[in-house]
Protein chains: 2
Amino acid sequence: MSRRRTLQFDAVRDVVQRACDHPNADQILARVRERVASVSVGTVYRNLEKLAADGEIHILQIHGRQARYDGMIAAHDHFVCDGCGTVSDLLPAQPGRLTHPALAEVGYDIRAHTQTFFGLCPECKTGARA
Amino acid sequence: MSRRRTLQFDAVRDVVQRACDHPNADQILARVRERVASVSVGTVYRNLEKLAADGEIHILQIHGRQARYDGMIAAHDHFVCDGCGTVSDLLPAQPGRLTHPALAEVGYDIRAHTQTFFGLCPECKTGARA
DNA sequence: TTTTTTGCAAACCATTTGCAATTAG
DNA sequence: CTAATTGCAAATGGTTTGCAAAAAA
């Protein structure tokens with residue numbers, strides 16, 4: 001079960017960690033192939049899964065059925081532009097989460113905002129599962 | 001292009017708007033069939049799409065590739081329990097968005113939090129597309 | 001009648017998986 | 001040597017689509 005060092009694994013990790021555009025699996029495959037021409041789709045997905053399991057990357061479900069991958073694991077938010085379609089990282093200068101008004105002040109036209117929390121609900125917290 | 005009133009459309013809308021568990025398409029199909037036994041998968045998806053286009057419901061991409069549907073359109077956040085797996089609405093009593101500490105105080109054990117903003121970035125705001 | 005909507009089944013497409021061959025340790 | 005990883009190709013599974021028949025307007 002131990003993790004083995006392979007050219008493919010290292011390439012996938014490096015591509016995701018260097019990317020600043022939240023690429024999807026296809027884009028990652030293409031970039032990895034620039035270095036290791038023979039990698040297959042399955043290998044890319046398997047390695048992305050491993051990296052996510054190890055907490056080295058995050059899988060983003062922005063919209064639609066195609067996942068995007070994020071190499072930045074520090075807590076941060078995202079902005080999806082309806083104009084150019086890019087997904088960008090929002091890094092608060094001050095500790096704490098960004099707010100709608102704070103972004104408006106920096107020039108963003110925020111039209112929607114969704115927030116999702118993950119964890120244990122009050123019932124599960126005091127009950128069975130960990 | 002005008003919208004026609006059909007049994008199927010009304011049933012889909014009613015099922016989603018009455019649901020408080022953020023059902024997926026399969027669950028909605030099952031519930032709609034309790035009233036209109038003959039509805040097909042395609043019809044359900046087409047009507048969900050229309051409702052979302054009209055802003056009557058929201059499509060949620062919580063995790064994985066299976067969408068969930070939300071009949072509550074007022075601004076609110078979501079909590080996904082790692083224990084029981086339920087997705088619940090978080091409705092702030094006071095205007096404004098819920099925060100991590102606020103939820104902790106009410107008994108939630110928050111382990112992750114993601115925030116996504118949609119709109120126009122500063123460049124697109126002052127540029128071409130509306 | 002005219003146009004939208006339906007049901008069915010096939011198509012799509014991102015992701016997953018089985019398996020034999022490779023390869024890291 | 002032996003267990004993990006790969007490439008390939010086939011399978012999955014949620015969602016979409018083409019089309020002729022049914023139903024609104």
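A note on names: the letters A, B, ... follow the listed sequences, proteins ahead of strands, and every chain is numbered from 1.
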Q. When the C1' atoms of the five terminal pairs at each end define the local axes, what inter-axis angle does the helix from C:dT1-D:dA25 to C:dG25-D:dC1 show, to 10 degrees?
A. 30°

Q. Which residues, if any, of residues 28-39 of chain A bring a heavy atom under 4.0 Å of DNA chain C?
A. none

Q | Which residues share a side-chain hydrogen bond (donor to acceptor under 3.5 Å, both in side chains) with A:Asp77, sequence neighbours left out | A | A:Arg97, B:Gln115

Q: Verify the ring-centre separation between B:Phe79 and B:Tyr108: is it less than 6.0 angstrom?
A: yes

Do any N or O atoms of the protein come closer than 3.5 Å to N or O atoms of nucleotides 15-18 of chain D, and which pairs are they?
residue: D:dT15; atom: OP1; partner: B:Ala67; partner atom: N; Å: 2.8
residue: D:dT15; atom: OP2; partner: B:Tyr45; partner atom: OH; Å: 2.3
residue: D:dT15; atom: O5'; partner: B:Tyr45; partner atom: OH; Å: 3.1
residue: D:dG18; atom: O6; partner: B:Arg46; partner atom: NH1; Å: 3.3

Q: May I have the distance from A:Asn47 (atom CG) to C:dT15 (atom P), rounded to whole angstrom?
A: 15 Å

Q: Using the test salt bridge (charged side-chain N to carboxylate O under 4.0 Å, His left out), find all partners of A:Arg33 that sit at least two apart in sequence or belong to another chain.
A: none

(Q) Can you confirm whether A:His63 sits close enough to B:Thr116 that some side-chain heavy atom of one is under 4.5 Å from a side-chain heavy atom of the other? (A) no

Q.
Going by the rule salt bridge (charged side-chain N to carboxylate O under 4.0 Å, His left out), which residues pair with A:Arg13 if we only count those two or more places apart in sequence or in a different chain?
A. A:Asp10, A:Glu56

Q.
Under the rule for side-chain hydrogen bond (donor to acceptor under 3.5 Å, both in side chains), what residues qualify as partners of B:His100, not counting sequence neighbours?
A. none

Q. Taking only residues two or more places apart in sequence, or in another chain, which ones meet A:Arg4 in a salt bridge (charged side-chain N to carboxylate O under 4.0 Å, His left out)?
A. none

Q.
Rounding to an integer number of Å, can you tell me how far B:Lys50 NZ sits from D:dA24 P?
A. 13 Å

Distance-only criterion, 3.5 Å: show the donor-acceptor pairs between side-chain atoms of residues 36-53 of chain B and protein atoms not counting sequence neighbours.
residue: B:Ser40; atom: OG; partner: B:Thr43; partner atom: OG1; Å: 3.2
residue: B:Asn47; atom: ND2; partner: B:Thr43; partner atom: O; Å: 3.3

Q: Linking directly or through intermediates, with side-chain heavy atoms under 4.5 Å: list the remaining ILVMFWY members grouped with A:Val87, chain and number order.
A: A:Leu60, A:Ile62, A:Val80, B:Phe118

Q: List in chain and number order the residues that pass salt bridge (charged side-chain N to carboxylate O under 4.0 Å, His left out) with A:Asp89, two or more places apart in sequence or in another chain; answer none if no residue qualifies.
A: none

Q: Would you mind reading off the distance between B:Gln27 atom CD and D:dG14 atom C1', rounded to a whole angstrom?
A: 13 Å

Q | Flag side-chain contact, heavy atom, 4.5 Å: A:Ser88 against B:Cys121 | A | no

**Q.** Flag if over 12 foreign heavy atoms under 6.0 Å of NE2, B:His78
**A.** yes

Q.
Counting only heavy atoms and a strict 4.0 angstrom limit, can you tell me which residues of residues 4-20 of chain B come near DNA chain D?
A. B:Arg4, B:Arg5

(Q) Assess whether a salt bridge exists between A:Arg111 and A:Asp109, defined as any Lys/Arg side-chain N lying under 4.0 Å from an Asp/Glu carboxylate O. (A) yes

